[in-house]
Amino acid sequence: MSFLTLDHVSHHYFSKNNYTKALDNISFSVKDGEFIALLGPSGCGKSTILSIIAGIIKQTAGEVLLEGKLINDSDLAIGYMLQQDYLFPWKTIKENSLIGPKIGRSKTSEVENEALKMLKEVGLSNVANSYPNALSGGMRQRVALVRTLITDPKILLLDEPFSALDYQTKLKLEDLVSQLLRSYHKTAVLVTHDIGEAISMSDRILVMDSNPGSIAKIFEVPLELRNETPFLVRKHPKYQILFDRIWDELNKNESTSGQTKVVSNQNESQI
Ligand SMILES: Nc1ncnc2c1ncn2[C@@H]1O[C@H](COP(=O)(O)OP(=O)(O)OP(=O)(O)O)[C@@H](O)[C@H]1O
Ligand SMILES: [Mg+2]
């Protein structure tokens, strides 16, 4: 059975006088422990898909199932990691990483020890009692990762979590995150603009088309690449071959798609 299923999901954003068709008939499934990437141009609906999976917005049509249950009936914990880390500046790194258990009233000494262990794993034990403003962007994202993982989510939604970082930090974090997620056997959906990041971190890549957002093509990442760290994947001969195929697919989509389609309630028009 698939772990996560999107079945003919469409979404419209409504405003007073018009609506935007953000997603059109999206169907895909993700297996338990699988890491997939959603890759596509700005505005193709990647974040909208994550918000729907997280239950933050409700799709206008179709179904989303987690372990066979409708998303709103599921009590599985979902972890969400964004481009911005949203750390509380007045709380220490340790306190920030324990926000989830604190809100959920499950902050036991065992969970505290687990947080300290995870902070150590991501190389931050020496700053556990510091405040976020003393940390670099990459360190802050590592805190955000611990804060997400400490709630033991069954699925992780990653919305461009590395895109604000410099290239070197980004590569190191990609290595760390993929190693951690694999060792904890997490299912993950990564949203990215970066072909290299998608290839080096995921098992499958869903390339999206825009206006309205839809799945254009699905690429399987070869096994040889999946067993390497993201840094080493980029040096593998099969990496460039897959990169070029995805590049061509994205270019094909770009040349066929128009601008954002906003549909008025009365007449359909394109702006
Ligand atoms: N709250 C909203 N109200 C109206 N339209 C929205 C809203 N959020 C997103 N949209 C529109 O829906 C479409 C998909 O947006 P979404 O943010 O999901 O795209 P994205 O692929 O994540 O883009 P990016 O790569 O820039 O983050 C876009 O046309 C966007 O303008
Ligand atoms: Mg987005």
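Every number for a ligand or one of its atoms is a count from 1 in the order of the listing. Nothing here was measured: the structure is a model prediction, and the numbers come from that model.
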Near the Mg ion (ligand 2), which protein N/O/S atoms fall under 2.8 Å? Ser47 OG

Going by heavy-atom distance to atom 14 (C) of ligand 1, choose the closest among Pro212, Gly213, Gly43, Ser210. Gly43

Quick one: does His193 get within less than 4.0 Å of ligand 1, heavy atoms only? yes

Do Gln141 and Pro161 have side chains that get closer than 4.5 Å, going by heavy atoms? yes

Which pair of non-hydrogen atoms, one from Tyr86 and one from Arg147, has the smallest distance, and what is that distance? O-NH1, 3.2 Å

Counting only pairs under 3.5 Å, give me each side-chain donor-acceptor contact of residues 109-120, with atom names and distances, residues two or more places apart or in other chains.
unit_1	atom_1	unit_2	atom_2	d
Glu112	OE1	Lys94	NZ	3.1
Asn113	ND2	Ser109	O	3.4

Any carboxylate oxygen within less than 4.0 angstrom of a Lys/Arg side-chain nitrogen, looking at Lys186 and Asp32? no

Is any side-chain N of the basic residue among Glu220 and Arg226 closer than 4.0 Å to the acidic one's carboxylate O? yes

Quick check on Glu160 - does any of its heavy atoms sit under 4.0 Å from an atom of ligand 1? yes

Please tabulate, for side-chain N and O atoms in residues 162-173, each donor-acceptor pair with protein atoms closer than 3.5 Å (sequence neighbours left out).
unit_1	atom_1	unit_2	atom_2	d
Ser163	OG	Gln83	NE2	3.1
Ser163	OG	Glu160	O	3.1
Asp166	OD1	Gln168	N	3.3
Asp166	OD1	Thr169	N	3.0
Asp166	OD1	Thr169	OG1	2.9
Asp166	OD2	Thr169	OG1	2.7
Lys170	NZ	Asp194	OD2	2.5
Lys170	NZ	Glu197	OE1	2.6

Please check whether Thr48 reaches ligand 1 - meaning an N/O of the residue sits under 3.5 Å from an N/O of the ligand, judged on distance alone. yes

Around His193, counting heavy atoms of other residues, nucleotides and ligands shown, do more than 12 lie under 6.0 Å from its NE2? yes

Considering Gly45, Ser51, Cys44, Ser42 one by one, which has a heavy atom nearer to atom 24 (P) of ligand 1 than any of the others? Ser42

Atoms in ligand 1 flagged as close to Ala22, the criterion being non-hydrogen separation under 4.0 Å: 12 (O), 13 (C)

Report, one line per pair, each donor and acceptor closer than 3.5 Å where one atom sits in a side chain of residues 47-56; sequence neighbours left out.
unit_1	atom_1	unit_2	atom_2	d
Ser47	OG	Asp159	OD2	2.7
Thr48	OG1	Tyr13	OH	2.9
Ser51	OG	Ser47	O	3.1

Would you call the rings of His12 and Tyr19 parallel, tilted or perpendicular, taking 30° and 60° as the class edges? perpendicular

